[in-house]
Amino acid sequence: MITNPTPNSQTNPIPPPTKIPLDFYRRSDPVLIARDLLGKHLYTNIDGVLTGGRIVETEAYAHINDQACHSHLGRYTARTKIMYEAGGVAYVYLVYGRYALFNIITNEVGKADAVLIRGLEPLEGIPEMLLRRGTLKYQRNLTGGPGLLTQALGISTQHYGTDLSGDTIWLEDHHEVIADDQVVASPRVGIDYAGFDAALPWRFRIKASKWTSPAR
DNA sequence: ATGTTGATGAGCT
DNA sequence: GCTCATCAACATT
């Protein structure tokens with residue numbers, strides 16, 4: 001006799017998505033966190049619209065032994081102030097006077113590490129993202145690039161300091177496992193000024209994704 | 001390969 | 001206070 005399976009009897013049931021807890025961000029190694037963020041989902045609820053997608057590219061920045069990091073050598077200014085908070089807040093800043101870049105502050109109070117989100121696979125609120133980007137084409141440059149994904153998600157410098165445990169910007173774990181052989185680690189982009197540290201392989205990409213930022 | 005763009009911070013006064 | 005070199009991109013060619 002065959003009985004219908006109940007949800008509890010299915011093999012490998014996928015649990016519902018969960019919001020990533022602050023503990024995740026407060027760990028001490030930004031390189032590990034950057035790697036772990038691949039396959040997680042990033043959402044915003046801004047101007048009453050839900051948008052989001054799957055993280056496919058990140059970069060780690062460490063407060064010690066990393067000249068590329070804005071908080072290197074304890075640099076403490078109006079811009080970097082938020083980096084010294086406990087992990088789990090947004091560090092958003094303008095680069096080249098044009099583009100907002102979204103970083104997640106990690107580690108504990110006073111240890112100013114960060115992870116830059118560089119690439120997103122759009123999943124939620126795509127019409128709004130197209131509108132915000134001023135395009136009609138569902139293609140890589142919709143969210144492939146750190147200055148583009150913020151535009152698509154509606155993230156601007158006014159989200160500097162936003163608490164990622166709130167309901168404006170947050171991340172979710174959808175229980176996707178990204179194996180090491182699906183990941184490319186390579187030097188970070190655009191930090192040639194950082195000397196020896198420019199060679200550190202702290203940029204992480206999902207190999208198969210077409211939504212990573214353009215190659216250099 | 002080159003132009004656009006303006007915030008940032010270091011170094012000065 | 002002010003100037004100026006720098007810059008974790010992107011669009012266009």
Side-chain angles (χ1 to χ4, degrees), chain A residues 25 29-35 37-38 42 53 55-84 87 89-107 111-122 129-162 169 184-206 209-216:
Chain A
Y25 306 114
D29 183 357
V31 179
L32 181 70
I33 295 172
R35 163 66 178 81
L37 282 171
L38 294 177
L42 170 63
I55 295 170
V56 298
E57 180 173 348
T58 62
E59 282 178 3
Y61 289 84
H63 70 292
I64 47 173
N65 298 329
D66 180 12
Q67 291 184 56
C69 186
H70 287 168
S71 60
H72 177 61
L73 298 179
R75 183 193 233 177
Y76 188 88
T77 65
R79 184 175 65 153
T80 61
K81 181 173 160 53
I82 204 72
M83 299 184 76
Y84 294 82
V89 296
Y91 171 42
V92 183
Y93 70 92
L94 274 196
V95 68
Y96 301 127
R98 292 185 140 219
Y99 299 98
L101 268 57
F102 173 71
N103 300 254
I104 296 169
I105 296 308
T106 69
N107 215 330
K111 298 187 176 175
D113 296 340
V115 175
L116 171 67
I117 306 300
R118 289 192 54 91
L120 199 73
E121 176 183 343
M129 291 200 253
L130 291 168
L131 198 64
R132 286 171 174 159
R133 289 278 301 110
T135 180
L136 293 173
K137 295 180 182 172
Y138 182 73
Q139 61 187 19
R140 187 180 67 181
N141 72 4
L142 179 59
T143 54
L148 301 183
L149 69 90
T150 52
Q151 197 177 351
L153 293 172
I155 296 173
S156 69
T157 52
Q158 72 185 28
H159 299 104
Y160 181 91
T162 297
I169 307 173
V184 186
S186 60
R188 295 168 294 176
V189 175
I191 54 157
D192 292 344
Y193 63 89
F196 186 78
D197 297 325
L200 296 170
W202 286 3
R203 175 192 189 192
F204 298 97
R205 278 175 288 163
I206 295 179
S209 178
K210 66 172 191 178
W211 296 98
T212 55
S213 59
R216 296 280 139 184

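In what follows, chains carry the letters A, B, and so on, assigned in the order in which the sequence lines appear, proteins first and then strands, with residues in each chain numbered from 1.
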N or O in side chain of [X] less than 4.0 angstrom from [N] OP1/OP2:
X	N	answer
A/Arg118	C/dA8	no
A/Tyr193	C/dA8	yes
A/Arg75	B/dA10	yes

Euclidean distance, atom [atom1] of residue [X] to atom [atom2] of [N] [Å, nearest integer]:
X	N	atom1	atom2	result
A/Asp192	C/dA9	CG	C1'	14 Å
A/Ile155	C/dA8	CD1	P	19 Å
A/Tyr99	C/dC7	OH	P	18 Å
A/Arg98	B/dT8	CZ	C1'	17 Å
A/Tyr96	B/dT4	OH	P	16 Å
A/Glu57	C/dA9	CD	P	10 Å
A/His70	C/dT6	NE2	P	16 Å
A/His72	C/dT6	NE2	C1'	16 Å

Heavy-atom nearest nucleotide on DNA chain C for A/Arg133 versus A/Ile191: which residue maps closer to 5'?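 So the residue in question is A/Ile191.
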
Quick one: look up who B/dT5 pairs with, Watson-Crick or G-U, both distances under 3.5 Å, and put none if it's unpaired.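 None - no nucleotide pairs with B/dT5, as no candidate has both distances under 3.5 Å.
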
Is B/dG11 paired to anything, Watson-Crick or G-U wobble with both distances less than 3.5 Å, and if yes, which nucleotide? C/dC2

Is there a donor and acceptor pair closer than 3.5 Å between the side chain of A/Tyr93 and the base of C/dA8?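 Checked by distance alone, the answer is yes.
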
Should A/Tyr61 be counted as stacked on C/dA8, where stacking needs a ring-centre gap under 5.5 Å and an angle between planes under 30 degrees?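 Yes, the aromatic ring of A/Tyr61 stacks with the base.
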
Rounded to the nearest 0.5 Å, what separates atom [atom1] in [X] from atom [atom2] in [Y]?
X	Y	atom1	atom2	answer
A/Thr143	A/Glu57	OG1	CD	11.0 Å
A/Arg132	A/Leu142	CZ	CG	11.0 Å
A/Ile191	A/Asp197	CD1	CG	7.5 Å

Scanning both residues in full, the closest heavy-atom pair of A/Tyr193 with A/Gly190 reads CE2-O, 3.8 Å

The side chain of A/Val189 is closest to which nucleotide in this list: C/dC10, B/dG9, C/dA9?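 The answer is C/dA9, which lies nearest to the side chain.
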
Base, sugar-phosphate or nothing for A/Leu94? Non-hydrogen atoms, less than 4.0 Å.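 Answer is sugar-phosphate: A/Leu94 comes under 4.0 Å of backbone atoms only.
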
Less than 4.0 angstrom from a charged side-chain N to a carboxylate O is my criterion; do A/Glu59 and A/Arg118 meet it? yes

